[in-house]
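Proteins get letters first, then strands, A, B, ... in listed order; numbering begins at 1 in each. In what follows, every heavy atom counts, from backbone to side chain, and hydrogens, waters and symmetry copies are set aside.
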Amino acid sequence: MLPAQSLISWFDAHGRSLPWRGESATPWRVLVSEFMLQQTPVNRVIPRFLGWMQRWPTPADLAAATGAEVLREWANLGYPRRALWLRDAAEQIESKHAGSVPDNLDDLLRLHGVGDYTARAVLAFGFGQKVPVVDTNVRRVLARVDRGVAISPVRTRTDMTEVAASLPEKSACAAKASLAYMEFGALVCTARAPLCDSCPITNACAWRAAGYPAGSQATQTRQKAYIGSDRQVRGRILAMLRNADDALRIDEKVLGWPDAAQVSRAVHSLFADGLISSGPADTWKLPE
DNA sequence: GTCCCGGGCA
DNA sequence: TGCCCAGGAC
């Protein structure tokens, strides 16, 4: 069982002040931040989040934006489909929820780009509800503190049950506990070099009791190299179009990329994803 | 299970 | 270079 009270105390003393936390944690700000934080480190999100919220303070504001506008504001955060999904979510919030972020799991999960993690994060951090919030940090903390292993294969449903059992009764405290778990995983119980010497819960840690056994590589699937990948080509194309005022021809020469077939494949997949649209005479541009 | 972005760090 | 990062869609 995760020691909720100990980690809440630690969080009160050491938790970071972030633009989507504390007094400014409205459901909409939390939703925007969670989209941006998917697979993206906090420090890279902060400036983009501030610019985004200044430009589109409400769902109605974002719903009225074009694809080109949101993709340019998203800039180089990565996974740019998230920017379009977030705008789509804003449109749905406008049309189906009277401009207010829904406060229940089913409606949140119907928003494109909102999954098990993001939906519960909005409920907990935006609405102060008592729901288990399990991200990569919490999974790792659970694996170590409760099960005594460095990292375990992804079993989100089991992890959610375990986290739920550890949450304090009062909903506001439960939400704070989830925040504390995540922050603890991000700052102390980190993936690569955990700061076990300054850990506030050493006496509750099964991983420490077991002598910090290393993880088994077998459970983890290897990530494909980014260099030379289709993802890199797609990224280059979008970067060119973000910085261009007019529609552009996209080929291997313009892009400085040796593999013409790969460029063609990337263009078509970007089009299929709605990230680019066709301009005049074999050119491409950011979508309206 | 595979793909989607991009920067940072050991 | 490989791995990691407040995941989600297909």
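A search for side-chain contact (heavy atoms from CB on, under 4.5 Å) contacts involving A:L109 returns A:L105, A:D116, A:A119, not counting sequence neighbours.
Applying the 4.0 Å criterion to OP1 and OP2 of B:dG7, one finds that A:N76 has a side-chain N or O inside that range. Contact between the side-chain N/O atoms of A:T136 and the OP1/OP2 oxygens of C:dC5 is found at a separation under 4.0 Å. At least one side-chain nitrogen or oxygen of A:Q39 sits closer than 4.0 Å to the OP1 or OP2 atom of C:dG7. Regarding contacts with the backbone of B:dG6, a side-chain N or O of A:Y226 is found under 4.0 angstrom from either OP1 or OP2.
The pair A:E162-A:R147 meets the salt-bridge criterion, with a side-chain N (NZ, NE, NH1 or NH2) lying under 4.0 Å from an Asp/Glu carboxylate O. Electrostatic pairing of A:D61 and A:R55 does not count as a salt bridge here, judged by no charged N lying under 4.0 Å from a carboxylate O. The existence of a salt bridge linking A:E169 and A:K130 is confirmed by a sub-4.0 Å separation between a basic side-chain nitrogen and an acidic carboxylate oxygen.
Distances were taken from every side-chain heavy atom of A:L18 (C-beta onward) to each of B:dG6, C:dA6, B:dC5; the shortest belongs to C:dA6. Closest to the side chain of A:Q223, out of B:dG6, B:dC4, C:dA9, is B:dG6. You'll find that the side chain of A:R192 is closest to B:dG8, out of B:dG6, B:dC4, B:dG8. Among the nucleotides C:dG7, B:dG6, B:dC3, the one closest to any side-chain atom of A:R44 is B:dG6. Candidate nucleotides C:dG7, B:dC3, C:dC5 were compared by shortest atom distance to the side chain of A:Q38, and C:dG7 ranks first. The side chain of A:Y117 lies closest to C:dA6 when the candidates are C:dC5, B:dG8, C:dA6.
Taking only distance into account, the side chain of A:R82 never meets the base of C:dG7 through a donor-acceptor pair shorter than 3.5 Å.
At the heavy-atom level, A:W74 lies nowhere under 4.0 Å from the strands shown. A:G78 comes within 4.0 angstrom of a nucleotide base, judged by non-hydrogen atoms across all strands. As judged by a 4.0 angstrom heavy-atom cut-off over every strand, A:R140 is placed among residues touching the sugar-phosphate backbone only.
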Check residues 197-211 of chain A and write down every donor-acceptor pair under 3.5 Å in which the side-chain atom is one partner and the other belongs to a residue at least two apart or another chain.
residue: A:S198; atom: OG; partner: A:L195; partner atom: O; Å: 3.4
residue: A:W207; atom: NE1; partner: A:P213; partner atom: O; Å: 2.9

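Taking the P atom of each, C:dA6 and B:dA10 are spaced 16 Å apart, rounded to whole Å.
Defined by atom type and a distance below 3.5 Å, a donor-acceptor pair is present between the side-chain atoms of A:R82 and A:T40. Side-chain contact annotation: A:Y117 with A:T136, donor-acceptor N/O pair under 3.5 Å absent.
Contacts between residues 227-247 of chain A and DNA chain B, defined by a heavy-atom separation below 4.0 Å, involve A:D230, A:R231, A:R234, A:G235, listed by number.
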